[in-house]
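Report on the following structure.
Worth saying up front: this structure is predicted, and the values here are computed from it rather than measured. The analysis underlying the following values was restricted to heavy atoms, covering all of them including side chains, and did not include hydrogens, waters or symmetry mates. All chains are named by letter (A, B, ...) in the order of the sequence lines, taking the proteins before the strands, and each is independently numbered beginning at 1.
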Amino acid sequence: MPLPVPLPPGTALLAWYDRHRRTLPFRRSDGGRPDPYRVWLSEVMLQQTTVAAVGPRFERFLARFPTIEALAAAPEAAVMEEWAGLGYYARARNLHACARAVAAMGSFPRTAEALRALPGIGAYTAAAVAAIAFDEPVVPADGNVERVVARLLAEETPLPAAKPRLSAAAQGFMADEAARARPGDFAQALFDLGATICTPKAPACALCPWRGECLAQQRGIQADLPRKVPKRARPLRHGAHFLLTDTAGHLLLRRRPPRGLLGGMLELPGTPWRDEAWTEAEALPHAPIPGLAWRRLPGIARHGFTHFELEMRLYAATVPHLDPPEGMEARDRMEAAAVLPTVMRRLLALAG
DNA sequence: AAGTCGTGGAT
DNA sequence: TATCCAAGACT
């Protein structure tokens, strides 16, 4: 009987993946070659966004834009509306620009290096699409992979400073022959390991295919890694917005500037957002149509952004017929609820 | 290169 | 309620 030899990392991880891989809406289960359009779309949707949030939106997006040519041919406003509620709206603008670039080229580039040059595709997404769709031997380093590698190596340097080292170490996995034979599966195996075993809070080390070689687990510090630099507190800001409706149930919306926060999305017209609350006398001059009988609705809508928190007051008025001023448009209430970003849906909720 | 850029679920 | 953080990109 030979001495038990630890399986090389690639073989052990892939064997675990073949038994425990997750079934996901954007992941093929028939073993066929993934469609680059679907892989790319899912990777962009999944940027800083949970699998649970992407799930129902992925097929819905594909139903509306079945091919990258269809996406490229669509107006940007249609893409923004389809993206409403998903957040990080620059992704939708870049997605559209990328679709037009790829459609003009005829097909997706097949290497991470070439993919990296497209809008909205950074180092991670380039490697993920190259590995999953084209089996290029690269390792996409997302938050899961950073966490797995930080624990494997017991890396004490806090993120984000440690990211280059962790990413390089992850790429080093491709020296393993088993990993190099299945780059797409290897990448997704790392994702699944991070999502189901090597979790942020209480990792299930007893079930981990790499428990034998994990330095953090040996030292008992796995739950403390990766270390991170503390985030700054989020300031509180204030706004006042205006709900103008007509007797047919339409309401007035305004398109935000094409870049920056919520760039290109629709909103309820309102004041700028500032550090101090708006009094009624300060807010009313910002109404889309001054001089109407604006009435303050009770309550305050709150919404958390990445780097500040927002409290909004809402004023309402009614006119017989809505005639949108320049730069604004009228939508019926059901449609508005569907195309507005979440922060604006909170205001609609305030109106009942 | 640190700040900007959304949202919802888990804890 | 407060905090974390998720298949990050861009400036």
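Rounded to an integer number of Å, the gap from CZ of A:Phe191 to C1' of C:dA6 is 12 Å. As a whole-Å value, the separation of A:Arg93 CZ from C:dT11 C1' is 13 Å. Residue A:His303 contributes atom NE2, which lies 17 Å from atom C1' of C:dT1 at whole-angstrom precision. A straight line from NE2 of A:His307 to P of C:dG8 spans 19 Å, rounded to a whole angstrom. In this structure, OH of A:Tyr88 is placed 10 Å from P of C:dG8, rounded to the nearest angstrom. Residue A:Leu86 contributes atom CG, which lies 13 Å from atom C1' of C:dA6 at whole-angstrom precision. C:dA2 atom C1' lies 11 Å from atom NZ of A:Lys201, rounded to whole Å. The nearest whole Å value for the distance from the CG atom in A:Leu236 to the P atom in C:dT1 is 14 Å.
Residue contacts for A:Pro341: at a heavy-atom cut-off of 4.0 Å it reaches the sugar-phosphate backbone alone, with no base atom in range. Nucleic acid contact class of A:Arg234 (heavy atoms, under 4.0 Å, all strands): none. Residue-level contact check: A:Arg345 touches neither bases nor backbone, having no heavy atom under 4.0 Å from any strand. Across all strands, A:Ala187 comes closer than 4.0 Å to no nucleic acid atom at all (heavy-atom distances). Within 4.0 Å of A:Thr49, counting heavy atoms only, lies at least one base atom of the nucleic acid. Within the nucleic acid shown, A:Val44 has no heavy atom closer than 4.0 Å to any nucleic acid atom. Within 4.0 Å (heavy atoms only), A:Leu190 reaches no atom of the nucleic acid at all. Within 4.0 Å of A:Pro119, counting heavy atoms only, lie sugar-phosphate atoms of the nucleic acid but no base atom. Across all strands, A:Phe308 comes closer than 4.0 Å to no nucleic acid atom at all (heavy-atom distances). Residue contacts shown for A:Ser42 are absent, as no nucleic acid heavy atom lies under 4.0 Å away. Within the nucleic acid shown, A:Ile132 has no heavy atom closer than 4.0 Å to any nucleic acid atom. Nucleic acid contact for A:Gly304: base, since at least one base atom lies under 4.0 Å from a heavy atom of the residue.
No close placement of the A:Phe305 and A:His307 rings is indicated, their centers lying 6.0 Å or farther apart.
With a heavy-atom cut-off of 4.0 Å to chain A, the contacted part of DNA chain B has its first and last nucleotide at B:dG3 to B:dG8.
Using atom P as the reference point in both B:dG3 and C:dA7, the two lie 24 Å apart (nearest Å). Between the C1' atoms of C:dC10 and B:dA1, the separation comes to 12 Å (whole Å).
At a threshold of 4.0 Å, the pair A:Glu280-A:Arg296 does not count as salt-bridged, since none of the basic side-chain nitrogens sits closer than that to a carboxylate oxygen. The existence of a salt bridge linking A:Glu311 and A:Arg237 is excluded, since no basic side-chain nitrogen approaches an acidic carboxylate oxygen closer than 4.0 Å. No salt bridge links A:Arg333 with A:Glu335; every basic N to acidic carboxylate O contact stays at or beyond 4.0 Å. Salt-bridge annotation for A:Asp192 and A:Arg27: present, with a side-chain N of the basic residue lying under 4.0 Å from a carboxylate O of the acidic one. Salt bridge status for A:Arg182 with A:Asp185: present, with a side-chain N to carboxylate O gap under 4.0 Å. Checked for salt-bridge contact, A:Arg165 and A:Glu155 meet the test: a charged N lies under 4.0 Å from a carboxylate O. Using a cut-off of 4.0 Å between Lys/Arg side-chain N and Asp/Glu carboxylate O, A:Lys228 and A:Glu146 are scored as not salt-bridged.
In this structure, the side chains of A:His20 and A:Thr196 stay at 4.5 Å or more apart for every pair of heavy atoms.
Of all nucleotides listed (C:dA7, C:dC5, C:dC10), C:dC10 comes nearest to the side chain of A:Asn94. Comparing C:dC10, C:dC5, C:dA9 by their nearest atom to the side chain of A:Lys228 picks out C:dC5.
Regarding contacts with the backbone of C:dG8, every side-chain N or O of A:Gln47 stays at 4.0 angstrom or more from both OP1 and OP2. Between A:Thr50 and C:dA7 there is no side-chain polar atom (N or O) within less than 4.0 angstrom of OP1 or OP2.
If you find the closest nucleotide of DNA chain B to A:Arg232 and to A:Val343, the one lying nearer the 5' end belongs to A:Arg232. Nucleotides of DNA chain C nearest to A:Arg302 and A:Arg22 differ in position, and the one nearer the 5' end is that of A:Arg302.
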